[in-house]
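Computed from a prediction, not measured in an experiment: that's the story for all the values here. One-based numbering, in listed order, for ligands and for the atoms of each.
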Amino acid sequence: MALQAVALVPFAFSIPKEVKVSATLKDSSLFGISLSDHVKSDFGSSLKIKSQRKLSLGAVRAETMVASPGVTYSPVTGKKTLRKGCVVITGASSGLGLATAKALAETGKWHVIMACRDFLKAERAAKSAGMPKENYTIMHLDLASLNSVRQFVDNFRRSGNPLDVLVCNAAVYQPTAKEPSFTADGFEISVGTNHLGHFLLSRLLLEDLKQSDYPSKRLIIVGSITGNTNTLAGNVPPKANLGDLRGLARGLDGLNSSAMIDGGDFDGAKAYKDSKVCNMLTMQEFHRRYHEETGITFASLYPGCIATTGLFREHIPLFRLLFPPFQKFITKGFVSETESGKRLAQVVSDPSLTKSGVYWSWNKNSSSFENQLSEEASDVEKARKVWEVSEKLVGLA
Ligand code: NDP
Ligand code: PMR
(Lines give C-alpha, C1' and ligand atoms only; values in the text may rest on other atoms or scores of the structure.)
(Ligands and ions follow the chains in the order given, each with its own letter.)
Protein backbone atom coordinates (compact mmCIF):
# COMPACT_ATOMS: atom_id res chain seq x y z
CA MET A 1 0.00 0.00 0.00
CA ALA A 2 2.95 2.25 0.73
CA LEU A 3 3.85 1.52 -2.88
CA GLN A 4 0.54 2.93 -3.95
CA ALA A 5 1.04 6.11 -1.99
CA VAL A 6 4.50 6.52 -3.43
CA ALA A 7 3.02 5.91 -6.85
CA LEU A 8 1.08 9.11 -6.39
CA VAL A 9 4.27 11.13 -6.40
CA PRO A 10 5.51 10.62 -9.99
CA PHE A 11 1.95 10.72 -11.25
CA ALA A 12 1.44 14.05 -9.58
CA PHE A 13 4.13 15.63 -11.69
CA SER A 14 3.23 14.32 -15.13
CA ILE A 15 -0.28 14.70 -16.40
CA PRO A 16 -0.80 12.66 -19.52
CA LYS A 17 -3.76 13.93 -21.53
CA GLU A 18 -4.85 10.44 -22.51
CA VAL A 19 -3.49 7.59 -20.45
CA LYS A 20 -3.63 3.93 -21.33
CA VAL A 21 -3.36 1.57 -18.41
CA SER A 22 -1.81 -1.88 -18.53
CA ALA A 23 -0.11 -3.46 -15.58
CA THR A 24 0.04 -2.56 -11.94
CA LEU A 25 0.86 0.44 -9.88
CA LYS A 26 4.01 -1.28 -8.78
CA ASP A 27 5.56 -0.34 -12.11
CA SER A 28 3.78 3.02 -11.91
CA SER A 29 2.00 2.43 -15.17
CA LEU A 30 -1.60 3.40 -15.70
CA PHE A 31 -2.30 1.78 -19.01
CA GLY A 32 -5.07 -0.29 -20.52
CA ILE A 33 -7.97 2.05 -19.93
CA SER A 34 -8.64 5.18 -21.90
CA LEU A 35 -9.03 8.29 -19.84
CA SER A 36 -11.35 9.74 -22.46
CA ASP A 37 -13.66 6.74 -22.19
CA HIS A 38 -13.52 7.10 -18.47
CA VAL A 39 -14.77 10.66 -18.67
CA LYS A 40 -18.01 9.26 -20.03
CA SER A 41 -18.62 6.96 -17.10
CA ASP A 42 -17.82 7.10 -13.41
CA PHE A 43 -15.17 9.65 -13.94
CA GLY A 44 -17.99 12.05 -14.75
CA SER A 45 -17.86 13.73 -11.39
CA SER A 46 -14.23 14.56 -11.81
CA LEU A 47 -12.42 14.17 -15.02
CA LYS A 48 -15.07 13.10 -16.10
CA ILE A 49 -43.29 3.50 13.44
CA LYS A 50 -45.11 2.47 11.63
CA SER A 51 -48.12 4.35 10.35
CA GLN A 52 -50.06 3.54 13.45
CA ARG A 53 -47.25 4.74 15.71
CA LYS A 54 -47.65 8.14 17.26
CA LEU A 55 -45.45 10.39 15.14
CA SER A 56 -43.02 12.27 17.30
CA LEU A 57 -41.85 14.57 14.56
CA GLY A 58 -42.92 18.12 13.85
CA ALA A 59 -44.58 19.30 10.66
CA VAL A 60 -43.36 21.71 8.00
CA ARG A 61 -45.17 23.32 5.06
CA ALA A 62 -45.62 21.04 2.09
CA GLU A 63 -44.58 22.25 -1.32
CA THR A 64 -46.95 20.29 -3.48
CA MET A 65 -50.70 20.05 -3.64
CA VAL A 66 -50.79 16.33 -4.34
CA ALA A 67 -52.77 14.41 -1.75
CA SER A 68 -50.31 11.92 -0.35
CA PRO A 69 -49.58 10.01 2.81
CA GLY A 70 -47.53 11.79 5.45
CA VAL A 71 -49.50 14.95 4.71
CA THR A 72 -51.87 16.51 7.23
CA TYR A 73 -54.14 19.55 7.12
CA SER A 74 -53.86 22.27 9.71
CA PRO A 75 -57.29 22.74 11.31
CA VAL A 76 -56.58 26.46 11.73
CA THR A 77 -55.33 27.49 8.29
CA GLY A 78 -56.51 24.55 6.24
CA LYS A 79 -53.02 24.52 4.71
CA LYS A 80 -51.35 21.32 3.77
CA THR A 81 -48.34 20.32 5.85
CA LEU A 82 -45.82 17.55 5.43
CA ARG A 83 -44.43 16.14 8.61
CA LYS A 84 -40.70 16.07 9.10
CA GLY A 85 -39.06 13.11 7.45
CA CYS A 86 -37.08 10.78 9.67
CA VAL A 87 -33.77 9.56 8.28
CA VAL A 88 -31.33 7.14 9.88
CA ILE A 89 -27.71 7.71 8.80
CA THR A 90 -25.05 5.23 9.86
CA GLY A 91 -21.57 6.59 10.56
CA ALA A 92 -22.80 10.17 10.91
CA SER A 93 -20.01 11.14 13.31
CA SER A 94 -17.64 12.26 10.55
CA GLY A 95 -17.03 12.82 6.86
CA LEU A 96 -19.86 12.20 4.41
CA GLY A 97 -22.32 11.00 7.04
CA LEU A 98 -21.88 14.08 9.22
CA ALA A 99 -22.05 16.48 6.26
CA THR A 100 -25.27 14.80 5.07
CA ALA A 101 -26.79 14.87 8.56
CA LYS A 102 -25.98 18.58 8.78
CA ALA A 103 -27.35 19.38 5.32
CA LEU A 104 -30.64 17.63 6.12
CA ALA A 105 -31.01 18.89 9.71
CA GLU A 106 -30.47 22.48 8.58
CA THR A 107 -33.45 22.35 6.24
CA GLY A 108 -35.74 21.89 9.24
CA LYS A 109 -37.62 19.29 7.19
CA TRP A 110 -35.74 16.29 8.52
CA HIS A 111 -35.07 14.67 11.83
CA VAL A 112 -31.76 12.82 11.61
CA ILE A 113 -31.03 9.73 13.66
CA MET A 114 -27.26 9.58 13.78
CA ALA A 115 -26.46 5.87 14.18
CA CYS A 116 -22.93 5.88 15.54
CA ARG A 117 -20.52 3.62 17.41
CA ASP A 118 -19.02 6.47 19.45
CA PHE A 119 -21.76 8.47 21.12
CA LEU A 120 -19.53 11.23 22.51
CA LYS A 121 -17.70 11.72 19.22
CA ALA A 122 -21.02 12.00 17.42
CA GLU A 123 -22.38 14.50 19.95
CA ARG A 124 -19.28 16.67 19.68
CA ALA A 125 -19.35 16.45 15.88
CA ALA A 126 -23.02 17.46 15.69
CA LYS A 127 -22.45 20.37 18.07
CA SER A 128 -19.38 21.69 16.32
CA ALA A 129 -21.12 21.37 12.94
CA GLY A 130 -23.82 23.64 14.43
CA MET A 131 -26.68 21.17 13.82
CA PRO A 132 -29.95 22.40 15.37
CA LYS A 133 -30.35 20.11 18.37
CA GLU A 134 -34.08 19.60 17.91
CA ASN A 135 -33.35 18.07 14.50
CA TYR A 136 -31.11 15.16 15.47
CA THR A 137 -30.87 12.24 17.86
CA ILE A 138 -27.82 10.07 18.38
CA MET A 139 -28.34 6.33 18.82
CA HIS A 140 -25.68 3.73 19.39
CA LEU A 141 -24.85 1.35 16.56
CA ASP A 142 -21.72 -0.71 16.10
CA LEU A 143 -21.93 -2.34 12.70
CA ALA A 144 -19.04 -4.64 13.60
CA SER A 145 -21.39 -6.55 15.92
CA LEU A 146 -24.59 -8.25 14.77
CA ASN A 147 -25.91 -8.06 18.35
CA SER A 148 -25.44 -4.32 18.30
CA VAL A 149 -27.28 -4.09 14.97
CA ARG A 150 -30.23 -6.02 16.42
CA GLN A 151 -30.14 -3.91 19.58
CA PHE A 152 -30.16 -0.72 17.50
CA VAL A 153 -33.24 -1.91 15.60
CA ASP A 154 -35.02 -2.63 18.92
CA ASN A 155 -34.05 0.76 20.35
CA PHE A 156 -35.09 2.54 17.20
CA ARG A 157 -38.50 0.85 17.26
CA ARG A 158 -38.92 1.76 20.91
CA SER A 159 -38.12 5.41 20.14
CA GLY A 160 -41.47 5.68 18.34
CA ASN A 161 -39.98 7.41 15.31
CA PRO A 162 -41.13 6.42 11.84
CA LEU A 163 -38.45 5.31 9.37
CA ASP A 164 -38.72 7.18 6.08
CA VAL A 165 -35.15 6.91 4.75
CA LEU A 166 -32.24 4.68 5.73
CA VAL A 167 -28.72 5.63 4.65
CA CYS A 168 -26.05 2.92 4.94
CA ASN A 169 -22.97 5.12 4.96
CA ALA A 170 -20.50 3.95 7.62
CA ALA A 171 -17.31 2.24 6.50
CA VAL A 172 -13.84 1.22 7.53
CA TYR A 173 -10.80 1.04 5.26
CA GLN A 174 -7.62 -0.78 6.33
CA PRO A 175 -5.14 -0.25 3.50
CA THR A 176 -1.99 -0.84 5.55
CA ALA A 177 -3.07 -3.83 7.65
CA LYS A 178 -0.74 -6.80 7.26
CA GLU A 179 -3.15 -9.18 8.95
CA PRO A 180 -6.93 -9.16 8.94
CA SER A 181 -8.90 -8.06 11.96
CA PHE A 182 -12.37 -9.30 12.73
CA THR A 183 -15.80 -8.21 13.86
CA ALA A 184 -17.42 -9.49 17.06
CA ASP A 185 -18.91 -12.30 14.95
CA GLY A 186 -15.59 -13.25 13.39
CA PHE A 187 -15.94 -11.73 9.92
CA GLU A 188 -13.05 -9.85 8.30
CA ILE A 189 -13.68 -6.30 9.50
CA SER A 190 -14.15 -4.33 6.24
CA VAL A 191 -16.65 -6.69 4.67
CA GLY A 192 -18.10 -7.47 8.12
CA THR A 193 -18.77 -3.80 8.86
CA ASN A 194 -19.36 -2.19 5.47
CA HIS A 195 -21.42 -5.01 3.98
CA LEU A 196 -22.64 -7.61 6.50
CA GLY A 197 -23.51 -5.14 9.29
CA HIS A 198 -25.44 -2.99 6.83
CA PHE A 199 -27.01 -6.04 5.20
CA LEU A 200 -28.55 -7.15 8.51
CA LEU A 201 -29.55 -3.58 9.42
CA SER A 202 -31.30 -2.90 6.13
CA ARG A 203 -33.01 -6.29 6.00
CA LEU A 204 -34.44 -5.75 9.49
CA LEU A 205 -35.39 -2.11 8.92
CA LEU A 206 -37.09 -2.89 5.60
CA GLU A 207 -40.20 -3.73 7.65
CA ASP A 208 -40.12 -0.27 9.24
CA LEU A 209 -39.59 1.46 5.88
CA LYS A 210 -42.57 -0.44 4.46
CA GLN A 211 -44.76 0.96 7.19
CA SER A 212 -43.72 4.57 6.71
CA ASP A 213 -46.47 6.83 5.38
CA TYR A 214 -43.98 9.35 4.01
CA PRO A 215 -44.45 10.28 0.33
CA SER A 216 -41.03 8.96 -0.73
CA LYS A 217 -39.39 6.13 1.19
CA ARG A 218 -35.78 5.36 0.36
CA LEU A 219 -32.98 2.95 1.20
CA ILE A 220 -29.58 4.25 0.17
CA ILE A 221 -26.33 2.27 0.29
CA VAL A 222 -23.18 4.29 -0.36
CA GLY A 223 -21.02 2.76 -3.09
CA SER A 224 -17.80 3.92 -4.71
CA ILE A 225 -15.91 4.38 -7.94
CA THR A 226 -13.08 2.23 -6.58
CA GLY A 227 -15.31 -0.86 -6.61
CA ASN A 228 -16.11 -0.31 -10.29
CA THR A 229 -13.50 -1.71 -12.63
CA ASN A 230 -15.04 0.10 -15.62
CA THR A 231 -13.24 3.23 -14.34
CA LEU A 232 -9.64 4.35 -14.06
CA ALA A 233 -9.92 4.60 -10.27
CA GLY A 234 -11.33 1.07 -10.17
CA ASN A 235 -8.30 -0.19 -12.06
CA VAL A 236 -5.79 0.92 -9.44
CA PRO A 237 -4.53 -2.31 -7.86
CA PRO A 238 -5.66 -4.18 -5.92
CA LYS A 239 -8.84 -4.40 -7.98
CA ALA A 240 -12.18 -5.46 -6.55
CA ASN A 241 -13.08 -9.04 -7.42
CA LEU A 242 -15.50 -11.27 -5.54
CA GLY A 243 -14.52 -14.38 -7.52
CA ASP A 244 -16.83 -17.31 -6.83
CA LEU A 245 -17.52 -16.06 -3.26
CA ARG A 246 -15.80 -19.09 -1.74
CA GLY A 247 -14.30 -17.08 1.17
CA LEU A 248 -17.59 -15.37 1.94
CA ALA A 249 -19.46 -18.66 1.84
CA ARG A 250 -17.06 -20.09 4.41
CA GLY A 251 -17.49 -17.15 6.77
CA LEU A 252 -14.46 -14.89 6.14
CA ASP A 253 -13.02 -15.97 9.46
CA GLY A 254 -9.40 -16.36 8.41
CA LEU A 255 -9.25 -19.73 10.22
CA ASN A 256 -11.27 -22.31 8.34
CA SER A 257 -11.30 -20.05 5.34
CA SER A 258 -9.70 -17.04 3.80
CA ALA A 259 -10.58 -13.61 5.20
CA MET A 260 -11.24 -12.49 1.61
CA ILE A 261 -14.49 -12.94 -0.31
CA ASP A 262 -12.72 -14.55 -3.26
CA GLY A 263 -10.76 -16.91 -1.01
CA GLY A 264 -7.40 -15.22 -1.75
CA ASP A 265 -4.66 -13.79 0.45
CA PHE A 266 -5.61 -10.97 2.77
CA ASP A 267 -5.38 -7.45 1.32
CA GLY A 268 -7.09 -4.68 3.30
CA ALA A 269 -7.52 -2.33 0.34
CA LYS A 270 -9.08 -5.07 -1.75
CA ALA A 271 -11.36 -6.10 1.12
CA TYR A 272 -12.72 -2.52 1.21
CA LYS A 273 -13.29 -2.40 -2.55
CA ASP A 274 -14.94 -5.85 -2.45
CA SER A 275 -17.22 -4.58 0.34
CA LYS A 276 -18.27 -1.66 -1.89
CA VAL A 277 -19.12 -4.10 -4.71
CA CYS A 278 -21.29 -5.98 -2.18
CA ASN A 279 -22.96 -2.67 -1.22
CA MET A 280 -23.81 -1.88 -4.86
CA LEU A 281 -24.98 -5.44 -5.60
CA THR A 282 -27.14 -5.43 -2.45
CA MET A 283 -28.87 -2.22 -3.48
CA GLN A 284 -29.79 -3.74 -6.85
CA GLU A 285 -30.96 -7.00 -5.30
CA PHE A 286 -33.18 -5.03 -2.92
CA HIS A 287 -34.58 -3.20 -5.93
CA ARG A 288 -35.35 -6.42 -7.80
CA ARG A 289 -36.94 -8.11 -4.79
CA TYR A 290 -38.83 -5.25 -3.17
CA HIS A 291 -39.28 -2.14 -5.28
CA GLU A 292 -42.46 -3.12 -7.02
CA GLU A 293 -44.09 -4.57 -3.92
CA THR A 294 -43.16 -1.75 -1.53
CA GLY A 295 -42.64 1.37 -3.65
CA ILE A 296 -39.39 1.98 -1.77
CA THR A 297 -36.65 3.66 -3.81
CA PHE A 298 -33.36 1.79 -3.58
CA ALA A 299 -30.27 3.74 -4.61
CA SER A 300 -26.49 3.83 -4.44
CA LEU A 301 -24.03 6.56 -5.28
CA TYR A 302 -20.47 7.67 -5.71
CA PRO A 303 -20.37 11.08 -4.00
CA GLY A 304 -16.99 12.14 -5.45
CA CYS A 305 -13.56 11.78 -3.93
CA ILE A 306 -13.79 13.26 -0.43
CA ALA A 307 -10.06 13.00 0.12
CA THR A 308 -10.03 14.70 3.54
CA THR A 309 -12.26 12.34 5.53
CA GLY A 310 -11.44 9.93 8.31
CA LEU A 311 -11.64 7.04 5.85
CA PHE A 312 -7.92 7.39 5.21
CA ARG A 313 -6.95 7.55 8.90
CA GLU A 314 -5.04 4.27 8.69
CA HIS A 315 -3.17 5.17 5.51
CA ILE A 316 0.50 6.18 5.70
CA PRO A 317 1.15 9.88 6.41
CA LEU A 318 2.64 10.46 2.92
CA PHE A 319 -0.58 9.26 1.34
CA ARG A 320 -2.69 11.48 3.58
CA LEU A 321 -0.53 14.44 2.65
CA LEU A 322 -0.56 13.88 -1.12
CA PHE A 323 -4.01 12.43 -1.69
CA PRO A 324 -6.06 15.66 -1.40
CA PRO A 325 -3.87 17.73 -3.78
CA PHE A 326 -3.61 14.75 -6.15
CA GLN A 327 -7.39 14.51 -6.36
CA LYS A 328 -7.86 18.29 -6.49
CA PHE A 329 -5.33 19.16 -9.15
CA ILE A 330 -4.58 15.98 -11.09
CA THR A 331 -7.72 13.87 -11.31
CA LYS A 332 -10.05 16.78 -10.46
CA GLY A 333 -12.21 14.20 -8.70
CA PHE A 334 -11.97 15.99 -5.34
CA VAL A 335 -15.10 17.17 -3.56
CA SER A 336 -15.34 18.89 -0.19
CA GLU A 337 -17.15 17.19 2.66
CA THR A 338 -19.84 19.88 2.46
CA GLU A 339 -20.42 19.30 -1.26
CA SER A 340 -20.53 15.52 -0.81
CA GLY A 341 -23.06 15.99 1.99
CA LYS A 342 -25.28 18.04 -0.33
CA ARG A 343 -25.08 15.25 -2.92
CA LEU A 344 -26.10 12.50 -0.54
CA ALA A 345 -28.80 14.77 0.92
CA GLN A 346 -30.21 15.07 -2.61
CA VAL A 347 -30.42 11.29 -2.90
CA VAL A 348 -32.27 11.30 0.44
CA SER A 349 -34.75 14.05 -0.29
CA ASP A 350 -34.75 15.43 -3.83
CA PRO A 351 -38.14 14.81 -5.45
CA SER A 352 -36.42 14.29 -8.81
CA LEU A 353 -34.23 11.42 -7.56
CA THR A 354 -36.94 8.86 -6.90
CA LYS A 355 -35.90 6.36 -9.56
CA SER A 356 -35.07 3.01 -7.97
CA GLY A 357 -32.11 0.74 -8.73
CA VAL A 358 -29.87 3.65 -9.71
CA TYR A 359 -26.20 4.33 -8.96
CA TRP A 360 -25.92 8.13 -8.89
CA SER A 361 -22.86 10.18 -9.72
CA TRP A 362 -22.29 13.89 -10.34
CA ASN A 363 -20.58 15.67 -13.20
CA LYS A 364 -18.20 18.61 -13.08
CA ASN A 365 -21.10 21.03 -12.69
CA SER A 366 -22.38 19.02 -9.75
CA SER A 367 -25.41 17.78 -11.69
CA SER A 368 -26.50 14.26 -10.86
CA PHE A 369 -26.65 11.54 -13.49
CA GLU A 370 -27.35 7.79 -13.57
CA ASN A 371 -24.02 6.07 -13.85
CA GLN A 372 -23.01 2.67 -15.22
CA LEU A 373 -21.76 0.05 -12.81
CA SER A 374 -18.97 -2.34 -13.74
CA GLU A 375 -19.79 -5.79 -15.08
CA GLU A 376 -19.21 -7.40 -11.70
CA ALA A 377 -21.04 -4.70 -9.73
CA SER A 378 -24.12 -5.22 -11.92
CA ASP A 379 -23.97 -9.01 -12.19
CA VAL A 380 -27.49 -10.24 -11.40
CA GLU A 381 -26.46 -13.78 -10.55
CA LYS A 382 -23.65 -12.59 -8.26
CA ALA A 383 -26.04 -10.19 -6.52
CA ARG A 384 -28.38 -13.09 -5.79
CA LYS A 385 -25.54 -15.23 -4.45
CA VAL A 386 -24.13 -12.44 -2.28
CA TRP A 387 -27.64 -11.92 -0.88
CA GLU A 388 -28.17 -15.62 -0.14
CA VAL A 389 -24.75 -16.22 1.39
CA SER A 390 -25.00 -13.00 3.44
CA GLU A 391 -28.39 -13.91 4.87
CA LYS A 392 -26.93 -17.17 6.14
CA LEU A 393 -23.96 -15.39 7.71
CA VAL A 394 -26.07 -12.84 9.57
CA GLY A 395 -28.58 -15.43 10.77
CA LEU A 396 -31.54 -14.56 8.55
CA ALA A 397 -31.63 -17.89 6.73
P1 NDP B 1 -15.22 8.57 7.56
O2 NDP B 1 -14.18 7.69 8.15
O3 NDP B 1 -15.13 10.03 7.77
O4 NDP B 1 -16.65 8.12 8.08
C5 NDP B 1 -16.95 6.78 8.30
C6 NDP B 1 -17.98 6.68 9.39
O7 NDP B 1 -18.26 5.29 9.62
C8 NDP B 1 -17.50 7.25 10.73
O9 NDP B 1 -18.58 7.94 11.31
C10 NDP B 1 -17.18 6.01 11.53
O11 NDP B 1 -17.32 6.17 12.92
C12 NDP B 1 -18.24 5.08 11.00
N13 NDP B 1 -17.96 3.69 11.35
C14 NDP B 1 -16.86 2.97 11.11
N15 NDP B 1 -16.98 1.75 11.65
C16 NDP B 1 -18.19 1.68 12.24
C17 NDP B 1 -18.87 0.70 12.97
N18 NDP B 1 -18.33 -0.48 13.25
N19 NDP B 1 -20.11 0.98 13.43
C20 NDP B 1 -20.67 2.18 13.20
N21 NDP B 1 -20.06 3.17 12.53
C22 NDP B 1 -18.83 2.92 12.06
O23 NDP B 1 -15.27 8.21 6.01
P24 NDP B 1 -16.14 8.79 4.79
O25 NDP B 1 -17.05 9.83 5.28
O26 NDP B 1 -15.21 9.07 3.71
O27 NDP B 1 -16.95 7.50 4.36
C28 NDP B 1 -18.36 7.47 4.35
C29 NDP B 1 -18.83 6.60 3.20
O30 NDP B 1 -18.44 7.18 1.97
C31 NDP B 1 -18.27 5.19 3.19
O32 NDP B 1 -19.30 4.28 2.85
C33 NDP B 1 -17.23 5.23 2.08
O34 NDP B 1 -17.05 3.98 1.51
C35 NDP B 1 -17.88 6.19 1.13
N36 NDP B 1 -17.02 6.82 0.15
C37 NDP B 1 -16.03 7.67 0.56
C38 NDP B 1 -15.24 8.28 -0.39
C39 NDP B 1 -14.14 9.21 -0.01
O40 NDP B 1 -13.47 9.67 -0.92
N41 NDP B 1 -13.92 9.50 1.27
C42 NDP B 1 -15.45 8.05 -1.82
C43 NDP B 1 -16.51 7.13 -2.12
C44 NDP B 1 -17.28 6.57 -1.16
P45 NDP B 1 -16.16 6.82 13.85
O46 NDP B 1 -16.32 8.30 13.66
O47 NDP B 1 -16.55 6.36 15.21
O48 NDP B 1 -14.88 6.30 13.37
MG1 PMR C 1 -7.69 6.93 -6.66
C2 PMR C 1 -8.90 9.19 -12.27
C3 PMR C 1 -9.49 9.45 -11.28
C4 PMR C 1 -9.43 8.90 -9.93
C5 PMR C 1 -10.45 9.05 -9.04
C6 PMR C 1 -11.75 9.77 -9.27
C7 PMR C 1 -10.04 8.39 -7.85
C8 PMR C 1 -10.84 8.29 -6.72
N9 PMR C 1 -8.79 7.87 -8.02
C10 PMR C 1 -8.37 8.17 -9.31
C11 PMR C 1 -7.17 7.82 -9.89
C12 PMR C 1 -6.08 7.24 -9.24
N13 PMR C 1 -6.06 6.87 -7.94
C14 PMR C 1 -4.80 6.96 -9.83
C15 PMR C 1 -4.44 7.25 -11.26
C16 PMR C 1 -4.01 6.43 -8.85
C17 PMR C 1 -2.59 5.94 -8.98
C18 PMR C 1 -1.63 6.97 -8.71
C19 PMR C 1 -4.81 6.37 -7.67
C20 PMR C 1 -4.37 5.88 -6.45
C21 PMR C 1 -5.18 5.74 -5.33
C22 PMR C 1 -4.83 5.15 -4.07
C23 PMR C 1 -3.52 4.62 -3.64
N24 PMR C 1 -6.52 6.14 -5.29
C25 PMR C 1 -6.99 5.80 -4.09
C26 PMR C 1 -6.00 5.20 -3.33
C27 PMR C 1 -6.58 4.85 -2.08
O28 PMR C 1 -6.06 4.31 -1.11
C29 PMR C 1 -8.04 5.23 -2.12
C30 PMR C 1 -8.84 3.96 -2.10
O31 PMR C 1 -8.77 3.15 -2.97
O32 PMR C 1 -9.64 3.80 -1.10
C33 PMR C 1 -10.38 2.60 -1.17
C34 PMR C 1 -8.22 5.90 -3.45
C35 PMR C 1 -9.29 6.53 -4.04
N36 PMR C 1 -9.26 7.03 -5.32
C37 PMR C 1 -10.46 7.64 -5.58
C38 PMR C 1 -11.30 7.50 -4.44
C39 PMR C 1 -12.71 8.02 -4.34
C40 PMR C 1 -10.59 6.82 -3.50
C41 PMR C 1 -11.04 6.50 -2.11
C42 PMR C 1 -12.22 6.23 -1.52
C43 PMR C 1 -13.21 5.20 -1.95
O44 PMR C 1 -13.26 4.67 -3.02
O45 PMR C 1 -14.06 4.95 -1.17
Side-chain angles (χ1 to χ4, degrees), residues 1-12 19 21 25 28-30 33 35 38-39 42-48 89-101 114-122 125 140-145 148-149 152 167-176 183-184 189-190 192-194 197-198 201 221-228 231-238 240 268-273 275-276 279 301-316 319-320 322-324 326-327 330-335 337 340-341 344:
M1 199 45 51
L3 272 172
Q4 291 194 12
V6 171
L8 285 172
V9 185
F11 192 79
V19 192
V21 189
L25 259 190
S28 291
S29 58
L30 292 162
I33 188 165
L35 205 57
H38 190 57
V39 174
D42 218 333
F43 209 26
S45 64
S46 47
L47 299 173
K48 86 140 217 168
I89 306 179
T90 69
S93 53
S94 74
L96 176 62
L98 176 63
T100 308
M114 302 169 71
C116 297
R117 62 177 166 178
D118 184 338
F119 189 92
L120 270 180
K121 181 178 175 185
H140 186 264
L141 168 65
D142 181 354
L143 287 156
S145 155
S148 173
V149 172
F152 172 82
V167 180
C168 297
N169 161 77
V172 287
Y173 175 41
Q174 300 205 315
T176 54
T183 66
I189 203 154
S190 325
T193 306
N194 310 355
H198 278 134
L201 180 73
I221 309 178
V222 178
S224 182
I225 193 170
T226 53
N228 279 298
T231 67
L232 178 57
N235 275 284
V236 174
K270 180 174 183 298
Y272 170 88
K273 295 176 191 179
S275 77
K276 290 285 119 185
N279 286 154
L301 68 150
Y302 167 58
C305 185
I306 332 157
T308 52
T309 71
L311 194 67
F312 311 104
R313 65 188 96 178
E314 292 185 32
H315 227 310
I316 59 166
F319 177 88
R320 295 206 305 274
L322 294 176
F323 193 52
F326 170 68
Q327 293 292 345
I330 312 296
T331 74
K332 310 254 197 299
F334 180 89
V335 288
E337 295 182 28
S340 69
L344 179 47

Nitrogen or oxygen atoms of [X] and ligand 1 under 3.5 Å apart:
X: D142; answer: yes
X: L96; answer: yes
X: A307; answer: no
X: G91; answer: yes
X: P303; answer: no
X: C116; answer: no

> How many angstroms lie between CE in M114 and OG1 in T90, if you round to the nearest 0.5 Å?
Replying inline: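 If we round to the nearest 0.5 Å, M114:CE and T90:OG1 are 11.5 Å apart.
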> Of all heavy-atom pairs between A144 and T193, which one has the smallest distance, and what is that distance?
Replying inline: CB-OG1, 3.8 Å
> Of the non-hydrogen atoms in G95 and E337, which two are nearest, and what is the gap between them?
Replying inline: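 In this case the closest contact between G95 and E337 is CA-OE1, 3.6 Å.
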At under 4.0 Å between heavy atoms, which part of [X] makes contact with ligand 1: side chain, backbone, both or neither?
X: F312; result: side chain
X: I225; result: neither
X: V172; result: side chain

Of the choices [options], which has the non-hydrogen atom that lies closest to [atom]?
atom: atom 13 (N) of ligand 1; options: G97, S93, A170; value: A170
atom: atom 36 (N) of ligand 1; options: F152, Y272, F119; value: Y272
atom: atom 2 (O) of ligand 1; options: R313, E337, Q327; value: R313
atom: atom 4 (O) of ligand 1; options: S94, G95, A184; value: S94

> Which ligand 1 atoms does K121 reach within 4.0 Å, using its non-hydrogen atoms?
Replying inline: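 Those of ligand 1 that fall under 4.0 Å from K121 are 45 (P), 46 (O), 48 (O).
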> atom 32 (O) of ligand 1: which protein heavy atom is closest, and how many Å away?
Replying inline: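 In this structure, atom 32 (O) of ligand 1 has N169 O, 2.6 Å as its nearest protein heavy atom.
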>> Could you identify the single nearest non-hydrogen protein atom to atom 43 (C) of ligand 1 and state the distance to 0.1 Å?
In response: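 Result: S224 OG, 3.4 Å.
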> Is the closest heavy atom of S148 to ligand 1 under 4.0 Å?
Replying inline: no
> At the 4.0 Å heavy-atom cut-off, does T193 count as touching ligand 1?
Replying inline: yes
>> Need the ligand 2 atom indices (1-based, order shown) with element for anything under 4.0 Å from a heavy-atom of V236.
In response: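 Here the atoms of ligand 2 in question are 12 (C), 13 (N), 14 (C), 16 (C), 19 (C), 20 (C).
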>> If the cut-off is 4.0 Å to any non-hydrogen atom of C305, which atoms of ligand 2 fall inside it?
In response: 37 (C), 38 (C), 39 (C)
>> Any atom of ligand 2 sitting under 4.0 Å from a heavy atom of H315?
In response: yes
> Backbone N or O of G227 within a donor-acceptor pair of the S224 side chain at under 3.5 Å?
Replying inline: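 No.
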>> Can you see whether S275 engages N194 through a side-chain donor-acceptor pair at a distance of less than 3.5 angstrom?
In response: yes
> Applying a 4.0 Å heavy-atom criterion (strictly less than), which segment of Q327 is in contact with ligand 2: side chain, backbone, both, or neither?
Replying inline: side chain
